[in-house]
Amino acid sequence: MTSAPIINTDRLTLRPHQIGDFDAYADMFASDRATYMGKLKRRHAWYSFTSDVAQWALLGTGAWAIADKADGTFLGQTAVMRPDHFPETELGWFVFQNAEGKGIAQEAASAARDWYWQQDFADTLVSYIDPDNDRSIKLATRLGAVPDADAPLPDGETPDETVVYRHTRPQ
């Protein structure tokens, strides 16, 4: 697979990223909204963005742009991916401020997770979350994930910086 497959939900389209998404992506990573993901200068946001896109060609998983199904507005990102420093494949998400509090992250992450199960890659996914990021912890829990204190952490991260929530394929 060379790019993200398109997934439609009731309100959203998960689609491959487009170059036009980059400015909003870079702006978000430079803002306080990226506090728990590591703020990035524009150059490093570019590296992250292109990595998110390229993982589809290299690994068969990666990131989707979350877009409003009705008007195409770019609302954030969800992903199932495993960059080199991750010991396991992660289910991740972020939405821009205008999309927060509307269930968009949950709808998008659920669709990404379900797509992953359908591909039969593995029976579990993890979400690496800053322990102070209450919103993401609550979302991981709503998605059915449970804390996994025994899971390995991304290279160089400590339990003070990262907690792991494990998503398990339904039987």
Side-chain angles (χ1 to χ4, degrees), residues 1-86 89-119 121 125-130 132-143 145 154 165 167:
M1 183 173 312
T2 58
S3 68
I6 295 172
I7 300 172
N8 288 296
T9 69
D10 290 342
R11 299 181 296 161
L12 308 172
T13 297
L14 306 186
R15 60 161 174 79
H17 273 293
Q18 303 166 353
I19 192 64
D21 298 337
F22 178 65
D23 285 336
Y25 181 101
D27 289 348
M28 192 280 304
F29 270 99
S31 76
D32 288 340
R33 291 191 66 75
T35 297
Y36 299 119
M37 297 182 295
K39 288 177 146 186
L40 300 175
K41 293 185 179 191
R42 189 173 177 87
R43 175 181 292 189
H44 292 104
W46 175 253
Y47 300 151
S48 178
F49 182 79
T50 57
S51 171
D52 291 351
V53 171
Q55 285 185 62
W56 284 107
L58 298 171
L59 303 172
T61 59
W64 286 270
I66 303 169
D68 183 287
K69 193 174 184 178
D71 66 12
T73 301
F74 178 39
L75 302 171
Q77 175 178 289
T78 192
V80 286
M81 61 184 171
R82 187 177 179 186
D84 183 61
H85 64 288
F86 283 9
T89 302
E90 182 193 34
L91 172 63
W93 55 82
F94 68 78
V95 294
F96 302 131
Q97 189 167 356
N98 64 325
E100 190 141 347
K102 300 175 183 177
I104 289 168
Q106 182 172 348
E107 187 173 330
S110 293
R113 179 201 60 207
D114 293 349
W115 174 87
Y116 186 82
W117 299 147
Q118 291 168 0
Q119 305 314 302
F121 288 121
L125 286 163
V126 296
S127 292
Y128 300 116
I129 304 173
D130 184 296
D132 294 329
N133 189 343
D134 294 332
R135 290 184 78 113
S136 281
I137 289 170
K138 287 177 183 172
L139 177 50
T141 302
R142 283 194 309 274
L143 291 168
Y165 277 74
H167 306 264

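By convention here, the first residue in the shown sequence is residue 1.
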Using every non-hydrogen atom in the two residues, find where [X] and [Y] come nearest and quote the distance to one decimal.
X: Ala112; Y: Leu91; answer: CB-CD1, 4.1 Å
X: Pro16; Y: Ile6; answer: CD-CG1, 3.9 Å
X: Gln77; Y: Tyr25; answer: OE1-CE1, 3.4 Å
X: Ser110; Y: Leu143; answer: OG-CD2, 3.1 Å
X: Ala79; Y: Ala63; answer: CB-CA, 3.6 Å
X: Ala67; Y: Leu75; answer: C-CD1, 4.1 Å

Where do Arg82 and Thr61 land on the side chain to side chain contact (heavy atoms under 4.5 Å, CB included) test, with the steps shown first? CA-CA 8 Å; Arg82 187 177 179 186; Thr61 59; 5.6 Å; no
Tell me, please, which residues at least two apart from Gln106 pass side-chain hydrogen bond (donor to acceptor under 3.5 Å, both in side chains). Arg142
So Phe121 and Trp115, would you call those rings parallel, tilted or perpendicular, with 30° and 60° as cut-offs? tilted
Does the side chain of Met81 come within less than 4.5 Å of Asp52's, by heavy atoms? yes
Are side-chain heavy atoms of Ile137 and Ser127 found at a separation under 4.5 Å? no
Residues two or more places apart in sequence or in another chain: which of them pass salt bridge (charged side-chain N to carboxylate O under 4.0 Å, His left out) with Asp21? Arg15
The test is side chain to side chain contact (heavy atoms under 4.5 Å, CB included); show your working for Ile129 and Tyr165 and say whether it passes. CA-CA 8 Å; Ile129 304 173; Tyr165 277 74; 4.0 Å; yes
Result of checking Thr13, Val95, Thr73 against Ile66 for side chain to side chain contact (heavy atoms under 4.5 Å, CB included): Val95
CH2-CZ distance between Trp93 and Arg135, expressed to the nearest 0.5 angstrom: 12.5 Å
Report the distance from atom CZ of Phe94 to atom OG of Ser136, rounding to the nearest 0.5 Å. 11.5 Å
Backbone N or O of Val80 within a donor-acceptor pair of the Trp64 side chain at under 3.5 Å? no
Checking Glu107 side chain against Thr9 main chain: does a donor-acceptor pair fall under 3.5 Å? no
Which is it for Asn8 and Lys69 under the side chain to side chain contact (heavy atoms under 4.5 Å, CB included) test, yes or no, and what are the steps along the way? CA-CA 8 Å; Asn8 288 296; Lys69 193 174 184 178; 4.0 Å; yes
For Gln119, I'd like to know if atom CD has over 12 heavy atoms of other residues, nucleotides or ligands within 6.0 Å. yes
Validation row, ring centre Phe74 to ring centre Phe96 under 6.0 Å: yes
Step by step, would you call Trp56 with His17 a side chain to side chain contact (heavy atoms under 4.5 Å, CB included)? CA-CA 11 Å; Trp56 284 107; His17 273 293; over 6 Å; no
